[in-house]
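Mind looking over this structure? Questions follow.
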Amino acid sequence: MVLRALTPAGRRLGVLVGSRQFHRIVASSLGEDLPAAATVGSSDAKWIVEKLWREFFSDPSQWWDNRTEKVNARYPDFKHKTKQKSLWLNGRFKPPWVEGELAAMAPGTLQLDIFSWNMRLGRYVKAGQFGKAMELFEQMQREGMIPDTFTFVRVLSACSGLQALEEGRCIHAQIMQRGCESDAYVGSSLVDMYAKCGSMEDAWNVFNRIPYRNAVTWNAMISGHVISGQGQRSLELFHQMQYEGVQPDPVTFVGVLNACASIGALEKGRHVHEQIVRSGFRSNVFVDTSLIDMYAKCGSIEDAWKVFNQMSTHDVVAWSAMILGYVRCGQGHKALELFRQMQQEGLEADHVVFMGVLNACASVGALEEGIHVHKQIIQSSLESNLFVATSLIDMYAKCGSIEDAWKLFSQMPTRNVVTWSVIILGHVTCGQGQKALELFGQMQKEGVEPNSVTFMGVLNACASVAALEEGRHVHEQIIQNGCESDVFVGSSLIDMYAKCGSIEDAQRVFNKMATRNLVSWNAMLRGYAMHGHDREALEHFEQMCEEGFEIDSITFIAILSACSHARLVYEGICFFDSMGLIYRISATVEHYACIVDLLGRAGHLKEAEDLIKSMPCEANVALLLALLGACRIHGNLEMGERLAKQVLELDPGNVSAYVLLANTCAAAGKWDLSANV
């Protein structure tokens, strides 16, 4: 076959139909020998291929030749004059229109080529149908199709989505047999798969064998360490990547910002933000959303709001990040206000937004608002979404409507471990610890394996009803399930043992913990305070400071409580003053209640009442009752009557106020008045 000379008006691909050169051009673009395909398979398949050939390739003069004029590799080598179809010679950008044309002519009758298989695999992965993608991969191999690098990249994504580690290892073996492991994209997909399946050792093995590591490879490794809870290691890899001369892209910055968020590295996050601005990626919506998320998780909601306001356009992802940010920072009302603003701007909420809004309702006890959001979820046909349904159960339980939570739970066709954990914790929150323990038993009978969150909820249930033996049995299950090393489970065990009266068991768990965080230190400190071990509590607090833990408001509630039980007035006041002066922690009503209780127990009733009057926040019932109890101990009837009156103004039906006032009257020798009260 001979290529004819092309006219200056517009070079056309001049070829004789059936020529080998034109055949090679078409085959390189379509990934299949169309004329050969017409000679095999069913008669229908042969007719379809021949029809496609006649319609698009029988007249070569209809194809414009752009090979000598194209300035970008993504531009097609050939363009059809009338049908505007495109072809590439190197096969890198294979056109999806061919499969569409074949399917339109006679769906289901053509033996698909590798490109068509890859297209179908890609569609399943993109839609999150990972199981179907795996089934299709097995089918294509049964039918004798040889996977290429594009196939492997897609099927590894499916393994990542399913967290199917063993299947991923089998596919890795095939990749090695075909010599594809050194391909940057296949290697990156392997790293990503191993990381998402929790095997960082395998991820490192692949990473170290990739000869040329591009941004995609580094991104997979950085994100993998974030997923594995190794945020600091991700930041180290980010520095190493740049040291080796690889420039970060938007995906890199998203992974690094997630790393900063995971370890609360606010200052590092700010430095990364500056680098993003210098790199010109500030207007990237995914980067902006990650910045919002990072600032919110690091406690700087003001910076998150600043980034949000500077965005030129806000999509639903940006709105959801900002709403969730306010929820995390304890500003549920602001989150609900933002949700209303989003709807006024005409954006429709997706399942992520609804989950954030339901969390906001739960955090502020906004039951009516939650019911309204529930109606919107039904209108949006999202009630069957497992994550949304679980958030609804959580919202109703935390808002005190455990009946509605149970109703939703009972109606769910499928319930996973997250759903069970939420309903168990919901019953604990509503003061139904025994029911929570019954649900835990039912969950196991139905074959659902508990996870760390489940165990934390069950341990809270044991603590709430002082079920020490049940707690010990749960502890045994935790060891069997390999969850004992989880620092939050360990902290819950300490709390359970302390509240069930076994401070020795609590101390044993604390001493055996391989790693301890602030939560575990606070749990042990609360235990000491609860049991009146003031000396151990003070020593524990000093040890926390020596080991460099950043003291928080919960720490101070525990240490002030310990001082109160031991009547260490001077030490307690020093700790209270240090909150604002040294640690920059604002005192809440709970901290004031501890100091009032401390002063009251020590007989400093006037100082305690003066402190209540000078508080920046409004006194609650619990605080007033604490001082009223001190009035009973010290027989101060005059102050007791004032405090009882204040309590009954806030809570007219409060029985404790009447009982304490009656006892105060009796302590002062006013028996008639006590009887009247």
Side-chain angles (χ1 to χ4, degrees), residues 330 332-333 363-368 398-402 428-433 464 466 499 526 529-530 532 553-554 556-569 572-573 575-576 579 586-677:
H333 288 295
S363 68
V364 296
L367 180 58
E368 290 305 314
K398 287 179 178 173
C399 288
S401 183
I402 195 66
V428 177
T429 305
C430 293
Q432 299 182 26
S464 70
K499 287 179 178 174
R526 279 197 308 270
M530 197 183 304
S553 63
I554 296 171
F556 276 104
I557 291 173
I559 195 66
L560 290 173
S561 178
C563 291
S564 176
H565 284 291
R567 300 189 182 183
L568 300 173
V569 178
I573 291 173
F575 281 126
F576 184 76
M579 282 179 61
S586 300
T588 64
V589 69
E590 287 82 7
H591 298 106
Y592 280 101
C594 290
I595 290 294
V596 167
D597 186 57
L598 169 65
L599 293 170
R601 283 173 186 253
H604 302 293
L605 301 182
K606 186 178 184 307
E607 290 85 347
E609 189 176 31
D610 290 342
L611 181 64
I612 291 174
K613 291 175 182 176
S614 66
M615 279 170 48
C617 48
E618 191 174 338
N620 61 14
V621 170
L623 189 149
L624 295 169
L625 286 174
L627 187 52
L628 180 54
C631 291
R632 177 190 63 80
I633 295 169
H634 298 285
N636 191 326
L637 180 57
E638 182 184 350
M639 186 182 290
E641 287 177 331
R642 284 200 306 272
L643 291 167
K645 184 179 179 182
Q646 291 178 55
V647 171
L648 294 171
E649 284 174 357
L650 292 172
D651 184 7
N654 192 293
V655 177
S656 298
Y658 288 104
V659 173
L660 285 170
L661 181 57
N663 291 339
T664 304
C665 295
K670 305 290 184 179
W671 296 102
D672 291 341
L673 186 58
S674 175
N676 289 336
V677 173

Counting distance only, does the side-chain N/O of His565 pair as donor-acceptor with the main-chain N or O of Ala562 below 3.5 Å?
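Absent.
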Is there a side chain to side chain contact (heavy atoms under 4.5 Å, CB included) between Arg632 and Leu628? Walk through the geometry before answering.
CA-CA 7 Å; Arg632 177 190 63 80; Leu628 180 54; over 6 Å; no
Any ring-ring contact (aromatic ring centres under 6.0 Å, His included) involving residues 592-630? Give me the pairs, sequence neighbours left out, ordered by first then second residue.
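Matches after skipping sequence neighbours: Phe576-Tyr592.
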Tell me the closest heavy-atom pair linking Cys430 and Ile402, and the distance in Å.
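That closest heavy-atom pairing would be SG-CB, 3.9 Å.
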Please identify each residue that fulfils salt bridge (Lys or Arg N to Asp or Glu O under 4.0 Å) with Asp610, with sequence neighbours left out.
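Result, salt bridge (Lys or Arg N to Asp or Glu O under 4.0 Å) vs Asp610: Lys606.
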Are Leu598 and Leu560 close enough, and set up right, to give a side chain to side chain contact (heavy atoms under 4.5 Å, CB included), and what steps lead you there?
CA-CA 8 Å; Leu598 169 65; Leu560 290 173; 5.8 Å; no
For the backbone of Ser553 and the side chain of His591, can you confirm whether one donor and one acceptor N or O come within less than 3.5 Å of each other?
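Present.
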Can Thr588 and Cys617 be said to form a side chain to side chain contact (heavy atoms under 4.5 Å, CB included), step by step?
CA-CA 7 Å; Thr588 64; Cys617 48; over 6 Å; no
So, using salt bridge (Lys or Arg N to Asp or Glu O under 4.0 Å) as the criterion, who are the partners of Glu590 when residues are at least two apart?
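So Glu590 forms no salt bridge (Lys or Arg N to Asp or Glu O under 4.0 Å) with any residue.
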Should the heavy atoms of other residues, nucleotides or ligands under 6.0 Å from CD of Glu618 be counted, would the total exceed 12?
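No - once you tally the heavy atoms of other residues, nucleotides and ligands closer than 6.0 Å, there are 12 at most.
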Please report the shortest heavy-atom distance between Leu624 and Val647, naming the atom on each side.
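The pair with the smallest heavy-atom distance is CB-CG2, 3.6 Å.
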CG/Leu623 to SG/Cys594 distance, rounded to the nearest 0.5 angstrom?
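That separation rounds to 9.5 Å.
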Measure the spacing between CG of Leu627 and CD1 of Ile612 and express it to the nearest 0.5 Å.
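Going from the CG atom of Leu627 to the CD1 atom of Ile612 covers 4.5 Å.
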side-chain hydrogen bond (donor to acceptor under 3.5 Å, both in side chains) involving Ser401 - partner list, sequence neighbours excluded
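So Ser401 forms a side-chain hydrogen bond (donor to acceptor under 3.5 Å, both in side chains) with Asp404.
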Sequence-distant partners of Asn620, side-chain hydrogen bond (donor to acceptor under 3.5 Å, both in side chains), two or more places apart
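Asn620 satisfies side-chain hydrogen bond (donor to acceptor under 3.5 Å, both in side chains) with no residue once adjacent residues are dropped.
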Can you tell me how far the CG atom of Leu568 sits from the SG atom of Cys563, to the nearest 0.5 Å?
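Here the interatomic distance stands at 5.0 Å.
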For the residue pair Gly332 and Ser363, what are the closest heavy atoms and their distance?
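Where Gly332 meets Ser363 most closely, the heavy atoms are CA-OG, 3.7 Å.
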Residues forming a side-chain hydrogen bond (donor to acceptor under 3.5 Å, both in side chains) with Ser564, sequence neighbours excluded
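Partners of Ser564 under the side-chain hydrogen bond (donor to acceptor under 3.5 Å, both in side chains) test: Asp597, Arg601.
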Where is the tightest heavy-atom contact between Ala602 and Val569, given as atom of each residue plus distance?
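In this case the closest contact between Ala602 and Val569 is CB-CG2, 3.4 Å.
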Which atom pair, heavy atoms only, marks the closest approach of Ala366 to Cys399?
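In this case the closest contact between Ala366 and Cys399 is N-SG, 3.8 Å.
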Approximate separation, where rounding is to 0.5 Å, of Glu609 CD and Gln646 CD
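So the gap between those two atoms works out to 7.0 Å.
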Ala558 to Ala529 - nearest heavy-atom pair and separation
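In terms of heavy atoms, the two residues are closest at O-CB, 3.4 Å.
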Before accepting this row, confirm whether a basic side-chain N of the pair Glu638/Arg642 lies closer than 4.0 Å to the acidic partner's carboxylate O.
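Answer for the salt bridge query: yes.
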